[in-house]
Amino acid sequence: MYKTHTCGELTLDHCGQRVTLAGWVHRRRDHGGVTFVDLRDRFGLVQIVADSTAHPEAHQAMEPVRVEWVVQIEGKVRARPEGMVNPDISTGEIEVDVHAVRVLNPAKTPPIYINKESEIDEQVRLRYRYLDLRRARMRRNLELRHRVIKFIRDYLDARGFLEVETPILFKTTPEGARDYLVPSRLHPGEFYALPQSPQQLKQLLMVAGVERYFQIARCFRDEDQRGDRQPEFTQLDLEMSFVEREDVIALIEAMFTELVAQVVPEKRVLQTPWPRFTYEEVMNRFGKDNPDIRFGLELVDIGDLATGCGFGVFERVIAAGGQVRGINARGLGDYSRKQIEELTGFVSRYGAKGLAYIALPSEGGQRSSFAKFLSEEALQGILERFEAQAGDLLLFVADQPAVVAESLGRLRELLGDRLGLRDPDVLAFCWVLDFPFVMWNEDEQRWDPSHHLFTAPMPEDIPLLDSDPGKARGQQYDLVLNGYEVGGGSIRIHQRELQAKVFELIGLDPEVAAERFGHMLEAFEYGTPPHGGIAPGIDRICMILAGEPNIREVIAFPKNQNARDVMADAPSPVEPEQLKELHIGLELGD
RNA sequence: GGUCCCGUAGUGUAGUGGUUUAACAUGCCGCCCUGUCAAGGCGGAGAUCGCGGGUUCGAAUCCCGUCGGGACCGCCA
């Protein structure tokens with residue numbers, strides 16, 4: 001070993017001991033006759049003192065050393081002199097009087113500041129990710145992620161779960177997201193697909209009798225990036241046999257409650273047991289199926305008041321079967337016309353054609369884009385419904401339900417940010433239940449599953465699959481945290497006939513179904529236990545627990561927005577011979 | 001596929017009403033300095049302002065194009 005101790009572990013108890021340390025030079029303070037170096041390793045920082053009188057050779061050897069050089073030092077631990085204690089670091093009471101210095105490797109001037117927090121260009125960070133990861137923030141995130149995964153493994157292991165690895169090279173499923181494909185050398189013209197999730201495989205493990213399965217599973221989806229989406233990401237994939245919805249919910253709720261207490265004790269869970277909402281309720285109250293319930297500003301329906309209110313826009317929307325809903329942005333009553341126009345621009349991104357408002361300045365009075373059209377009765381009705389008072393800003397969208405929900409749902413979270421209502425130290429978990437089993441796809445003129453093909457309908461709603469599919473509910477549950485969907489799961493179909501019926505409902509040709517999912521249907525004929533599971537997203541959960549704004553911050557080597565690895569420069573062209581072996585010819589556009 | 005924002009020494013920024021030796025901080029190099037912890041002092045080097053074209057007597061600055069990055073919409077069962 002190059003070291004007898006880690007930098008972070010030294011305390012007053014080590015005083016008088018000779019130690020050998022190795023690490024990176026974090027900072028250097030050269031006073032001429034004495035040089036201080038903060039030596040860093042993964043476990044902490046310690047001050048090294050090179051004194052020209054006591055140890056001239058060591059002092060001289062330290063002279064050329066710069067930030068991020070890798071050095072090994074030998075010295076003696078001693079208490080710092082009176083008044084020289086540094087309370088900001090764990091080893092602040094001691095220092096190491098250095099006797100010998102050995103440079104293990106010098107370093108170029110790094111393109112990233114390791115020793116201070118500052119804004120860094122995202123491309124520079126990714127290009128030099130190995131340097132970026134040296135920073136305290138990134139190290140914290142790596143450690144947090146490790147502890148989260150370690151906790152999950154231990155917790156599930158203690159409860160009889162078996163971690164099983166499933167293939168990365170598997171079969172394409174044209175449903176859902178776009179697949180990453182891998183050409184087959186041995187089978188010209190054929191392709192493997194990387195799994196979007198191990199969904200089918202975990203169900204087959206239930207058929208195999210595993211009963212309690214989990215996996216820290218890498219998943220791949222070839223879609224465009226967002227702050228919370230990477231082309232490859234990690235799920236806690238989990239499946240159980242002989243369980244009902246309540247069993248899966250109870251397990252996950254208990255596990256994450258305990259995880260938060262152990263791993264991020266400084267965070268507060270908003271409410272236990274976790275609140276549960278139906279899909280219909282969250283869409284009505286929050287406008288999203290993944291609501292942030294850390295704050296109010298809920299959506300309020302004024303459809304009844306809008307009928308015959310005198311304002312043509314509202315009346316026409318109601319007559320056309322639409323909705324009129326609003327939010328009371330309490331505290332923004334002094335927003336200027338320009339600020340409200342900016343909010344109007346914001347909701348227009350989600351299809352809203354306008355944003356009607358009634359502003360009640362804190363000084364009193366009223367400004368509104370449409371109140372002049374309203375009957376006195378309608379205006380009073382609206383103000384009463386929002387319990388409006390001076391300082392409030394009422395914002396309304398009138399449109400088809402989907403547009404109203406999305407635009408106001410997004411606006412609600414924007415306003416929550418502006419009003420400082422989204423406390424990063426609060427974790428608001430909740431469950432969203434009773435999703436529609438299928439949703440009508442207007443473009444394709446067919447029913448699409450709202451979760452996935454293998455989700456079971458509510459038993460009492462099975463007759464609806466024939467009569468009124470849109471009314472049927474699925475045995476699906478979404479895990480939501482602070483406005484992010486961090487997991488989704490369901491009780492699965494385990495009977496072949498019901499699975500075939502669902503395939504038929506969503507317009508999947510029986511022959512195609514047999515080709516794509518024949519192995520599943522066949523397996524269901526060999527004694528399949530009732531089963532269900534869930535797949536919490538590890539990256540998103542770590543992101544939220546770490547208080548980070550982007551999923552990249554909790555992934556060691558993430559891709560950039562264009563799905564590139566800018567450090568290694570992937571993807572990259574390949575040799576013609578490689579393509580030939582794979583029976584692939586390129587047809588590139590201009 | 002689309003919308004918006006960004007691109008200036010190693011790094012982070014200023015400068016954009018057209019005329020500057022392109023500024024500041026930090027880092028880097030040299031000298032001084034024995035108790036600092038973002039050490040300090042003095043001096044120095046370092047940028048053809050992402051790239052290409054255009055307008056102009058003159059462009060970091062205005063226009064067009066292009067490349068790269070970020071946020072978002074579409075997309076993500």
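Below, read A as the first sequence line, B as the second, and so on, with proteins coming before strands; counting in each chain starts at 1. Worth knowing before you read on, the calculation uses all heavy atoms, side chains too, and leaves out hydrogens, waters and symmetry mates.
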Between A/Met138 and A/Asp132, which heavy-atom pair has the shortest distance, and what is it? CG-O, 3.2 Å
Counting only Watson-Crick pairs (N1-N3 plus N6-O4 or O6-N4) and G-U wobbles (N1-O2, O6-N3), all under 3.5 Å, who is the partner of [N]?
| N | answer |
| --- | --- |
| B/G35 | none |
| B/A23 | B/U13 |
| B/G46 | none |
| B/G68 | B/C6 |

Shortest side-chain distance from [X], nucleotide among [options]:
| X | options | value |
| --- | --- | --- |
| A/Gln123 | B/C75, B/C76, B/G68 | B/G68 |
| A/Leu126 | B/G30, B/G70, B/G35 | B/G70 |
| A/Val49 | B/A38, B/G35, B/G12 | B/G35 |
| A/Asn560 | B/G69, B/C37, B/C75 | B/G69 |
| A/Arg80 | B/C37, B/G69, B/C75 | B/C37 |

Side-chain N,O ([X]) to OP1/OP2 ([N]) below 4.0 Å:
| X | N | result |
| --- | --- | --- |
| A/Gln561 | B/A71 | yes |
| A/Arg66 | B/C29 | yes |
| A/Asn562 | B/G69 | yes |
| A/Asn550 | B/A71 | yes |

Between the base of B/C75 and the side chain of A/Arg229, is there a donor and acceptor pair under 3.5 angstrom? yes
For a quick check, tell me whether the side chain of A/Glu122 and the base of B/G68 share a donor-acceptor pair closer than 3.5 Å. no
Let me know the distance between [atom1] of [X] and [atom2] of [N], rounded to the nearest Å.
| X | N | atom1 | atom2 | value |
| --- | --- | --- | --- | --- |
| A/Asp121 | B/G50 | CG | P | 13 Å |
| A/Ile89 | B/A38 | CD1 | C1' | 13 Å |
| A/Asp228 | B/A71 | CG | C1' | 12 Å |
| A/Arg226 | B/C73 | CZ | C1' | 7 Å |

Listing request: all salt bridge (charged side-chain N to carboxylate O under 4.0 Å, His left out) pairs with a residue in residues 406-416 of chain A, at least two apart in sequence or in separate chains. A/Lys288-A/Glu413, A/Glu406-A/Arg410, A/Glu413-A/Arg422
Selection residues 43-52 of chain A - residue pairs positive for salt bridge (charged side-chain N to carboxylate O under 4.0 Å, His left out), sequence neighbours left out: none
When the [atom1] atoms of [N] and [M] are considered, how many whole Å apart are they?
| N | M | atom1 | answer |
| --- | --- | --- | --- |
| B/U21 | B/U66 | P | 35 Å |
| B/C72 | B/G17 | C1' | 33 Å |
| B/C64 | B/U26 | P | 39 Å |
| B/G50 | B/A60 | C1' | 12 Å |
| B/C4 | B/G46 | P | 40 Å |
| B/A9 | B/C51 | P | 10 Å |
| B/C29 | B/A39 | P | 15 Å |
| B/G54 | B/A45 | P | 35 Å |

What pairs of residues pass the ring-ring contact (aromatic ring centres under 6.0 Å, His included) test when at least one of them lies in residues 23-51 of chain A, not counting sequence neighbours? A/His31-A/Phe36
Residues of residues 344-354 of chain A with any non-hydrogen atom less than 4.0 angstrom from an atom of RNA chain B: list those, numerically ordered, please. A/Arg349, A/Tyr350
Identify whether any heavy atom of [X] sits under 4.0 Å from a base atom; if not, whether one sits that close to sugar-phosphate; answer base, sugar-phosphate or nothing.
| X | result |
| --- | --- |
| A/Asp222 | nothing |
| A/Arg78 | base |
| A/Glu119 | sugar-phosphate |
| A/Arg410 | sugar-phosphate |
| A/Glu95 | base |
| A/Gly92 | nothing |
| A/Asp224 | base |
| A/Arg552 | sugar-phosphate |
| A/Thr173 | nothing |

For [X], which residues count as a salt bridge (Lys or Arg N to Asp or Glu O under 4.0 Å) partner, sequence neighbours excluded?
| X | answer |
| --- | --- |
| A/Asp224 | none |
| A/Arg245 | A/Asp434 |
| A/Asp565 | none |
| A/Glu515 | none |

Output all residues satisfying ring pair (Phe, Tyr, Trp, His ring centres under 6.0 Å) with A/Phe220, sequence neighbours left out; order by chain, then residue number. none
With sequence neighbours left out, what residues match A/Tyr128 under ring pair (Phe, Tyr, Trp, His ring centres under 6.0 Å)? none
Classify every nucleotide of nucleotides 3-10 of chain B by which part a protein heavy atom approaches to under 4.0 Å, writing B for the base, S for the sugar-phosphate alone and - for neither, in 5'-to-3' order. -------B
If you count the non-hydrogen atoms of other residues, nucleotides and ligands that lie under 6.0 Å from CD in A/Gln225, is the total more than 12? yes
Would you indicate whether A/Arg337, at its atom CZ, is surrounded by more than 12 heavy atoms from other residues, nucleotides or ligands within a distance under 6.0 Å? no
Out of the candidates A/Pro198, A/Pro536, A/Pro195, only one should pair with A/Asp237 under the side-chain contact (heavy atoms from CB on, under 4.5 Å) rule; please name it. A/Pro198
Exercise: do A/Thr6 and A/Glu9 side chains pair donor with acceptor under 3.5 Å: yes
Give every pair of a protein N or O atom and an N or O atom of nucleotides 39-45 of chain B that lie under 3.5 Å apart, one pair per line with the distance.
unit_1: B/A39; atom_1: OP2; unit_2: A/Arg29; atom_2: NH1; d: 3.2
unit_1: B/A39; atom_1: N7; unit_2: A/Asp30; atom_2: O; d: 3.4
unit_1: B/A39; atom_1: N6; unit_2: A/Asp30; atom_2: O; d: 2.8

Using the ring of each side chain (for Trp, its six-membered ring), is A/Phe435 parallel, tilted or perpendicular to A/Tyr279, with breaks at 30° and 60°? tilted
